[in-house]
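Each residue takes its place number in the sequence, starting with 1.
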Amino acid sequence: MSTPEAPHAERPAGEPVPRARAKGEPRFPDGPKADPAGSHFERRIRSFQPRRSRVTAGQADALQRLWPVWGLDVDGSRRLDLAELFGNGRPVVLEIGFGMGEATAQMAAADPGTNVLAVDVHTPGQGHLLHLAEERGLANVRVANGDAIILLREMLAPDALSGLRVFFPDPWPKKRHHKRRLIQPKFLTLAASRLAPGAVLHCATDWEPYAEQMLEVLTAHPDFENTQDGGFAPRPGFRPLTRFERQGLDKGHVVNDLLFRRVPHDDRAGHRAGDPA
């Protein structure tokens, strides 16, 4: 038996009533898969929590029409050719977790010479970002659905990325959940392998204890160096102030940015060779 629809406001005259899906029928036949990687990879602690919320008619339309053109499922089955994916050889920045996509769209519009590969598991956000990309003519945006770790490890080549953005990741505030936080030494080692020398990892969070942990693990990692003098960075003008962030600031939250550069391979090797035994 199909699940009944949740209560909703009265539909405008002429708007079609959505058909109930049969059991096992995909939510969006031509859109993102529910679990693209399936059980093909080892079980591990996930740093993300899939969120299920209502998909609007506009988001559903964007997912159906635009996913085959600008979307990709993170299934881990192949190595991506980024030049083929975007239709050009411009530098590519990976954004992990983009929410509803407003900041992603603004940054892509402000820098059309940079391609943005944005990955998330939030279906309404995927649809909204696709809608924004079409509405604003953003040919430099592609939307990925699935686990960012599988995307980095299985589908991107070494040194493929010119930048990596992780804005407001889940802080997992309870101590027993800290192991789920994304910014950990093992993740940084993987990320470094996919970042070109000199590429910048840009993190931002409004959870101060997580910011301190990020600063600690990034400072200690041999593949990264702080672009600041040992601390946090002022919010760069190119990172938009989102509604989510503004709400946090109104509540007294402190937002910290971290900008760390991928150490060039030769510099890293020289640094390690000179380390004391």
Side-chain angles (χ1 to χ4, degrees), residues 36-37 47-48 70-99 101 103-121 126 129 133 138-169 182-205 214 217-218 221-227 233 236 238-239 257-269:
S47 61
F48 60 88
W70 290 338
L72 68 100
D73 282 305
V74 180
D75 56 13
S77 65
R78 67 197 188 285
R79 179 67 60 84
L80 290 175
D81 183 331
L82 294 178
E84 180 181 352
L85 178 67
F86 286 94
N88 58 65
R90 295 169 186 158
V92 177
V93 169
L94 175 65
E95 183 169 342
I96 298 178
F98 54 81
T104 307
Q106 289 183 53
M107 295 179 77
D111 186 10
T114 297
N115 294 323
V116 180
L117 177 57
V119 58
D120 207 314
V121 294
Q126 294 167 351
L129 179 54
L138 303 177
N140 58 334
V141 173
R142 298 293 181 271
V143 181
N145 167 55
D147 190 335
I149 301 297
I150 295 175
L151 176 61
L152 281 164
R153 190 183 64 201
E154 308 293 339
M155 301 181 71
L156 293 176
D159 297 353
L161 300 173
S162 67
L164 175 59
R165 301 169 184 158
V166 185
F167 296 158
F168 303 99
L182 181 63
I183 306 301
Q184 308 274 7
K186 188 174 180 180
F187 169 77
L188 294 178
T189 298
L190 173 61
S193 72
R194 300 306 187 248
L195 286 167
V200 171
L201 167 60
H202 183 183
C203 302
T205 179
M214 289 181 180
V217 297
L218 276 162
H221 201 285
D223 290 330
F224 291 95
E225 62 183 6
N226 200 341
T227 64
F238 58 79
R239 182 175 72 74
D257 284 75
L258 302 94
L259 286 92
F260 276 71
R261 183 179 296 108
R262 171 69 162 95
V263 174
H265 299 306
D266 292 342
D267 290 358
R268 180 189 59 179

- Query: Would you call Leu80 and Arg78 a side-chain contact if the rule is heavy atoms closer than 4.5 Å?
  - Reply: yes
- Within the distance-only criterion (no hydrogens, no angle test), does the side chain of Arg79 pair as donor or acceptor with the backbone N or O of Gly76 below 3.5 angstrom? no
- Rounded to the nearest 0.5 Å, what's the gap from CG on Leu156 to CG on Leu94? Could you check? 6.5 Å
- Query: What distance separates Leu151 CG from Leu72 CG, expressed to the nearest 0.5 Å?
  - Reply: 7.0 Å
- Hey, is the main chain of Glu225 close enough, under 3.5 Å, to the side chain of Arg261 for a donor-acceptor pair? no
- State, yes or no, whether a side-chain contact exists between Val263 and Pro222 at a heavy-atom distance under 4.5 Å. no
- What's the verdict on side chain to side chain contact (heavy atoms under 4.5 Å, CB included) for Leu117 and Leu85, showing C-alpha distance, side-chain angles and the deciding distance? CA-CA 10 Å; Leu117 177 57; Leu85 178 67; 4.3 Å; yes
- Note on the structure: Minimal heavy-atom distance between Val119 and Ala148, with the atoms involved, is CG1-CB, 4.0 Å
- Query: Under 4.5 Å between any side-chain heavy atoms of Arg165 and Met107, yes or no?
  - Reply: yes
- Note on the structure: In terms of heavy-atom contacts, Gln126 and Asp120 come closest through NE2-O, 2.9 Å
- Starting at CG of Leu138, measure out to CH2 of Trp70 and round the result to the nearest 0.5 Å. 7.5 Å
- Task: With the side chain counted from C-beta on, respond yes when Asp75 and Glu154 share a heavy-atom pair under 4.5 Å apart, and no when they do not.
- Result: no
- Query: What pair of heavy atoms forms the shortest contact from Phe167 to Glu95, and how long is it?
  - Reply: CD1-OE2, 4.2 Å
- Give, for atom CZ of Arg153 and atom OG of Ser193, the distance between the pair rounded to the nearest 0.5 Å. 11.0 Å
- Task: Check each of Leu161, Leu258, Leu188, Leu259 against Leu201 using the side chain to side chain contact (heavy atoms under 4.5 Å, CB included) test, and report the only one that passes.
- Result: Leu188
- Task: Apply the test side chain to side chain contact (heavy atoms under 4.5 Å, CB included) to residues Met155 and Val74: give CA-CA distance (whole Å), side-chain angles for both, the deciding distance (0.1 Å), then the verdict.
- Result: CA-CA 8 Å; Met155 301 181 71; Val74 180; 3.9 Å; yes
- d(Leu190 CG, Leu195 CG) to nearest 0.5 Å is 9.5 Å
- Message: Side chains of Ile149 and Leu182, heavy atoms from C-beta outward: is any pair under 4.5 Å?
- Response: yes
- Shortest non-hydrogen contact between Val121 and Gly146, atoms and distance: CG1-O, 3.5 Å
- For residues Pro185 and Val217, report the shortest heavy-atom separation together with the two atoms involved. CD-CG1, 4.2 Å
- Message: Are the side chains of Asp257 and Pro236 in contact, using a 4.5 Å heavy-atom criterion?
- Response: yes
- Message: Please determine whether side chain to side chain contact (heavy atoms under 4.5 Å, CB included) holds for the pair Ile96 and Leu164, giving the CA-CA distance in whole Å, both sets of side-chain angles, and the decisive distance to 0.1 Å.
- Response: CA-CA 8 Å; Ile96 298 178; Leu164 175 59; 3.8 Å; yes
- Query: Which distance, rounded to the nearest 0.5 Å, do you find between the OG1 of Thr104 and the CZ of Phe98?
  - Reply: 6.5 Å
- Query: Where the side chain of Asp223 meets the backbone of Thr189, is there a donor-acceptor pair that is under 3.5 Å apart?
  - Reply: no
- Item | Shortest non-hydrogen contact from Pro112 toward Asn140 | CA-ND2, 3.6 Å
- Hey, are the side chains of Phe187 and Leu152 touching, using non-hydrogen atoms and a 4.5 Å cut-off? yes
- Do Asp111 and Val116 come close enough that some side-chain heavy atom pair is under 4.5 Å? no
- Examine distances only and state if a side-chain atom of Ser162 and a backbone atom of Val92 form a donor-acceptor pair shorter than 3.5 Å. yes
